[in-house]
Number of protein chains: 2
Amino acid sequence: MATRTAAERREEERQRYNAYVATCPSRKLLDTLSDKWASLALTALAHGPLRYSELARMIAGVSQKMLTQTLRTMERDGLVSRTVTPSVPVRVDYRLTPLGENLLPLLEAIKRWAEVHMEDVEAAREAYDRRVDSQP
Amino acid sequence: MATRTAAERREEERQRYNAYVATCPSRKLLDTLSDKWASLALTALAHGPLRYSELARMIAGVSQKMLTQTLRTMERDGLVSRTVTPSVPVRVDYRLTPLGENLLPLLEAIKRWAEVHMEDVEAAREAYDRRVDSQP
DNA sequence: CGGAATCCAAAGGGATACTG
DNA sequence: CAGTATCCCTTTGGATTCCG
């Protein structure tokens, strides 16, 4: 049956990739960092704990769904901790764990590389686009 | 017209994010590195140029479409260069540019951080999952 | 050999409405 | 306030086919 075979092959490929990700720490870390809002949340929390609504305001453009999802993932990964104060209304604070703080210097390194080299990338892109545009 | 307004709002959000990405080098860099196959291609090319088919074999699990797309993007970003030898059949080699080579140490830094700390992340995940599972 | 073009399924993610 | 649940559009990416 062609359909089933194709689906199975797809599943195999997916698992091959997952297996790779599972054994490759760098890949796992990149997956975490590149989560659309994770690095933003991480740097937002760099200077102290914040409430959910404060985070939502600082990370302009994030939807409530994605903010919650991002924070959950980061909590699960041990990068942030979540503290509920059972007042009325409830108050929830997020703060970096030591592990999360440990990640900040790496983000800094990424930022530094980017600040130094991204204009070269920009220039390369423009040059590339000019080349392509001038080709019929 | 509700439909049009919703679509416009969505478009605005998208552009807000794009505007942010455009002004944030770190975010741009993370977008590049986290491209599912970019870091793999980068490290595959670390020790010298490779042909298209060689890359395809080294990066097991990548589809031809994604490999091509990744290489195009990296070429546009000035990270790799593409050389066509017009023989029959054609031969195409990819190699890192100086800019691309310059990125390798950063990948190394990411790899080192991951190797040192990802087991903490693993442990945090298991602890988190145990906590959640034991809650009805 | 090294692609480009097309098609389609699956995942991602925003909007909205509801809850403790 | 800080979420959860649902709906549904958009994007991603694999499979397949065709080309120089």
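Convention: sequence-line order gives letters A, B, ...; per-chain numbering from 1.
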Quick one: does [X]'s side chain have a donor or acceptor within less than 3.5 Å of a partner on [Y]'s backbone?
{"X": "B:Ser26", "Y": "A:Ile110", "answer": "no"}
{"X": "A:Glu101", "Y": "A:Pro98", "answer": "no"}
{"X": "B:Trp37", "Y": "B:Ile59", "answer": "no"}
{"X": "B:Ser34", "Y": "A:Leu30", "answer": "no"}

In whole Å, I'd like the distance from the [atom1] atom of [X] to the [atom2] atom of [N].
{"X": "B:Glu54", "N": "C:dG3", "atom1": "CD", "atom2": "C1'", "answer": "17 Å"}
{"X": "B:Trp37", "N": "D:dG14", "atom1": "CH2", "atom2": "P", "answer": "6 Å"}
{"X": "B:Asp93", "N": "C:dG2", "atom1": "CG", "atom2": "P", "answer": "8 Å"}
{"X": "B:Asp35", "N": "C:dG12", "atom1": "CG", "atom2": "C1'", "answer": "15 Å"}
{"X": "B:Asp31", "N": "D:dT12", "atom1": "CG", "atom2": "P", "answer": "10 Å"}
{"X": "B:Arg82", "N": "C:dG2", "atom1": "CZ", "atom2": "P", "answer": "10 Å"}

Salt bridge check: are [X] and [Y] linked by an N-O gap of less than 4.0 Å?
{"X": "B:Lys28", "Y": "A:Glu122", "result": "yes"}
{"X": "B:Asp93", "Y": "B:Arg91", "result": "yes"}
{"X": "A:Arg125", "Y": "A:Asp129", "result": "no"}

In one Ile/Leu/Val/Met/Phe/Trp/Tyr side-chain cluster, 4.5 Å: A:Leu107, A:Val116: no

With a 4.0 Å limit, can you tell me whether [X] has a side-chain N or O closer than that to the phosphate oxygens OP1/OP2 of [N]?
{"X": "B:Ser87", "N": "C:dC1", "answer": "no"}
{"X": "A:Tyr94", "N": "D:dG3", "answer": "yes"}
{"X": "B:Arg51", "N": "C:dG2", "answer": "yes"}

task: Identify the two heavy atoms, one from B:Arg27 and one from A:Ser39, that lie closest to each other, and give their separation to 0.1 Å.
output: NH1-OG, 3.4 Å

message: Can you work out whether A:Val92 or B:Lys36 has the more 5'-proximal nearest nucleotide on DNA chain D?
response: A:Val92

- prompt: If you draw a 6.0 Å radius around CD in A:Glu119, do more than 12 non-hydrogen atoms from other residues or ligands fall strictly inside?
  reply: no

field: Axis bend over the full length of the helix from C:dC1-D:dG20 to C:dG20-D:dC1, computed from five pairs that close each end, to 10 degrees
entry: 40°

- prompt: Side-chain donor-acceptor pair under 3.5 Å between B:Thr68 and B:Tyr52, yes or no?
  reply: yes

- request: Please list residues of residues 65-72 of chain A whose heavy atoms come under 4.0 Å from any atom in DNA chain C, ordered by number; otherwise none.
  value: A:Lys65, A:Met66

Between protein and nucleic acid, restricted to nucleotides 17-20 of chain D and to nitrogen or oxygen atoms under 3.5 Å apart, what atom pairs and distances do you find?
none

